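One structure below.
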Amino acid sequence: MNNLTLIRPDDWHIHLRDGAALGTTVAHAAAQFARAIVMPNLAPPVVTAEQALAYRARILGHVPAGAKFEPLMTLYLTDNTPADEILRAKAAGVAALKLYPAGATTHSESGVTAIEKVYPVLEAMQTHDLPLLVHGEVTDPAIDIFDREAVFIERVLAPLIARFPALRVVFEHITTRAAADFVTAAPATVAATLTAHHLLYNRNALLAGGVRPHYYCLPVLKREADRQALLRAATSGSPKFFLGTDSAPHDRARKETACGCAGSYTAHAAIELYAEAFEQAGALDRLEGFASRFGPDFYRLPRNTDRITLVRQSWDIPERYPLADGALVPLRAGARVDWRIQP
Ligand code: NCD
Ligand code: ZN
């Protein structure tokens, strides 16, 4: 197959950042996706509907002329989110709320310190039908970083789903076989996003032959058996698994340093990288469901009506892209990708 036409995909998990960085991130996202669920982990975080609307306007200000791109906004849950913010969020068209366990990842300092603290908010979300997006890792220092997702399932996620059976939950950027199995067996209210990098790489990419900071993201890359399980889930045709890049730009200097930030940038070539992963699994025919149908169905939004065509044509990914007054190193920098979006 040398050509693949798909309903235009959406990205159900992206970090666009703010300010001048939007010039790069929004252009990349809008070149591929019709819509994106925009993560709220700015510094300071987006915690109110009013802040989400203001952030949305800043993003729209960077959509290139002629492009159509709809940012779907999220709020960052804190221990102090008032339950009535849910009504304001609903009225403002906010798409979902994001749970970051405090300390789990980049800009999660204001996150939730104990899940019970947000039960009243989760109750309101269940009533008003706003989905919860979960960064699923425990932060207990006694738990090995490679086990944090699996332990989160037992300690937090399974009890949460049992307590709020009508709450729609997206287990974001899953990285383990345990998570794929859990989502498969969970009720239809539970779905998961999968990144291109977790479908393409295991932890050897990060650690074998030298430490490669641009492959460091959270949750961290896992074993090959986990990657295989993620690939099976993504290509299974199950509507519970859909595309979320978790594209997370950081300035090069903050990645290539003694204590580097977590986050891999994939928005420059996202659908192309997913196509490589699906092709590896012999399942290119399943890419459209994953990239363009199951996400809007879960969020109860219409599917897009326009299409993109991917052609088999290698191109070299640049070493750098500008990012505000610095630069970012994209995933696969200086190397090839096999597919290209037909202009
Ligand atoms: C994200 C970021 O940089 O904002 N980093 C990452 O490694 N994925 C935060 C997140 O989604 O965990
Ligand atoms: Zn993320």
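Worth saying up front: this structure is predicted, and the values here are computed from it rather than measured. For ligands, and for the atoms within them, numbers begin at 1 and follow the listed sequence.
Put simply, the side chain of Lys240 never gets that close to the backbone of Ala192: no donor and acceptor are under 3.5 Å apart. For Thr193 (side chain) and Gly244 (main-chain N/O), no donor-acceptor pair under 3.5 Å exists by modelled atom type.
No continuous path of ILVMFWY side-chain contacts below 4.5 Å connects Val329 to Ile317, so the two sit in separate hydrophobic clusters. The hydrophobic cluster containing Phe152 does not contain Leu133, counting ILVMFWY residues as joined when their side-chain heavy atoms lie under 4.5 angstrom apart, directly or transitively. Cluster membership for Met39 and Met125, using ILVMFWY side-chain heavy atoms within less than 4.5 angstrom, is not shared. Under the 4.5 Å side-chain heavy-atom criterion for Ile, Leu, Val, Met, Phe, Trp and Tyr, Leu75 and Leu99 are members of the same hydrophobic cluster.
Of all atoms in ligand 1, listed by their number and element, those nearer than 4.0 Å to a heavy atom of Gly263 are 5 (N), 6 (C), 7 (O). Applying the 4.0 Å criterion to heavy atoms of His173 picks out, from ligand 1, the atoms 11 (O). Listed by number with element, the atoms of ligand 1 under 4.0 angstrom from any heavy atom of Thr106 are 2 (C), 3 (O), 4 (O), 5 (N). Residue-ligand proximity, His135 to ligand 1, at heavy-atom distances under 4.0 Å covers atoms 12 (O). Heavy-atom contacts of Cys217 reach the following atoms of ligand 1: 7 (O) (cutoff under 4.0 Å).
Of all protein heavy atoms, the one lying nearest to atom 1 (C) of ligand 1 is His15 NE2, 3.6 Å. When hydrogens are left out, the protein atom nearest atom 9 (C) of ligand 1 is Thr105 OG1, 3.3 Å; that is the closest non-hydrogen contact. The protein non-hydrogen atom at the shortest distance from atom 7 (O) of ligand 1 is Leu218 N, 2.7 Å. Atom 8 (N) of ligand 1 has Asp246 OD2, 2.7 Å as its closest protein atom, hydrogens excluded (heavy atom only). Atom 5 (N) of ligand 1 has Ala262 O, 3.1 Å as its closest protein atom, hydrogens excluded (heavy atom only).
Remark: distances from the non-hydrogen atoms of Met39 to ligand 1 are all 4.0 Å or more. The shortest separation from a heavy atom of His107 to ligand 1 is not under 4.0 Å, leaving the residue out of contact. Heavy-atom distances between Glu137 and ligand 1 stay at or above 4.0 Å for every pair. The shell of residues lying under 4.0 angstrom from ligand 1, judged by heavy atoms, includes His250.
Within Asp246, the N, O or S atom at minimum distance from the Zn ion (ligand 2) carries the name OD1.
Checking His15 against the Zn ion (ligand 2), an N/O/S atom falls under the 2.8 Å cut-off. Residue side and main chain included, His13 places an N/O/S atom under 2.8 Å of the Zn ion (ligand 2). With a cut-off of 2.8 Å, the Zn ion (ligand 2) has no N, O or S atom of Glu172 in range.
Annotation for Phe242 and Ala191: closest pair CE2-CB, 3.6 Å, computed over non-hydrogen atoms.
Side-chain contact between His197 and Tyr215 is absent, with no heavy-atom pair separated by less than 4.5 Å. When side chains are defined from C-beta on, Pro40 counts as touching Tyr100, because their heavy atoms get closer than 4.5 Å. Side-chain contact check for Arg332 versus Glu276: some heavy-atom pair is nearer than 4.5 Å.
Between Arg17 and ligand 1, an N or O atom pair is found at a separation short of 3.5 Å. Residue Asn41 has at least one N or O atom closer than 3.5 Å to an N or O atom of ligand 1.
Classification of Asp306 and Lys68 as a salt-bridged pair fails, no side-chain N sitting under 4.0 Å from a carboxylate O. Between Lys90 and Asp129 there is no salt bridge, since none of the side-chain N atoms of the basic residue sits less than 4.0 Å from a carboxylate O of the acidic one.
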